[in-house]
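Along the sequence shown, the residues carry numbers beginning at 1.
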Amino acid sequence: MAASGVAAPTRTEVLQLYRSLLRVARQFCDYNIREYSKRRTIDAFRDNKNLTDPSQLSAAFSDGKAQLEVAKRQALVYSLYAPKRILIEAFMPANDCLCLPQPVIFSKVLVFCIEYVSLTGMECDLHNI
């Protein structure tokens with residue numbers, strides 16, 4: 001307990017919060033939101049790494065815990081209304097994403113779909129190929 005009556009979080013609690021925020025960030029199905037959440041977490045912890053005042057530490061820690069709760073709720077909502085995966089994600093592992101598993105795409109079919117979309121501007125339906 002600090003002299004001002006505010007208990008500063010321990011190093012273990014801070015690391016646990018950091019890992020939890022990164023873990024929740026991996027659950028977003030949308031690539032852009034997933035990367036934004038990860039980058040925002042890393043930047044926020046980097047900005048606050050030199051805090052020494054117990055009241056500032058406690059305030060930053062409680063703000064981080066609030067952000068964690070918001071991120072958990074948002075990941076759940078986004079999983080219910082998961083957007084289509086963009087092309088860059090077709091070759092990335094699904095990780096802990098709550099969205100549907102990644103379909104198996106063969107290279108010839110993928111090339112065909114890319115050419116079809118670029119020529120017609122219409123979506124390529126893999127089920128009808």
Ignoring hydrogens and geometry, is there a side-chain-to-backbone donor-acceptor pair from Arg34 to Cys29 under 3.5 Å?
-> yes
At what distance, to the nearest 0.5 angstrom, does OH of Tyr78 lie from CG of Asp30?
-> 7.0 Å
If you round to the nearest 0.5 Å, how far is CD of Gln16 from OG1 of Thr10?
-> 8.5 Å
Distance in Å, Ser20 OG paired with Gln67 CD, rounded so as to fall on 0.5 Å steps = 14.0 Å
Same hydrophobic cluster for Tyr36 and Phe28, using side-chain heavy-atom links shorter than 4.5 Å among ILVMFWY?
-> no
Supply the atom-to-atom distance Gln27 CD to Gln74 CD, rounded to the nearest 0.5 angstrom.
-> 12.5 Å
List the atom of Ala7, the atom of Ser58, and the distance in Å for their closest heavy-atom pair.
-> O-OG, 2.8 Å
With sequence neighbours left out, what residues match Phe61 under ring-ring contact (aromatic ring centres under 6.0 Å, His included)?
-> none
Nearest 0.5 Å, what's the CG-CD1 distance between Asp47 and Ile42?
-> 12.0 Å
Which heavy atom in Leu57 sits nearest to a heavy atom in Thr52, and how many Å separate them?
-> CD1-O, 4.0 Å
Could you check Arg40 against Asp43 for salt bridge (charged side-chain N to carboxylate O under 4.0 Å, His left out), going step by step and ending with a plain yes or no?
-> CA-CA 5 Å; Arg40 178 69 184 100; Asp43 290 346; over 6 Å; no
Hey, any chance Val24 and Phe45 share a hydrophobic cluster, counting ILVMFWY side chains that come within less than 4.5 Å of each other, even indirectly?
-> yes
Using atom types as modelled and distance alone, determine if a side-chain donor or acceptor of Ser79 lies under 3.5 Å from a backbone N or O of Leu76.
-> yes
Hey, any chance Leu15 and Leu51 share a hydrophobic cluster, counting ILVMFWY side chains that come within less than 4.5 Å of each other, even indirectly?
-> no
Which pair of heavy atoms, one from Leu68 and one from Leu21, lies closest together, and at what distance?
-> CA-CD2, 3.6 Å
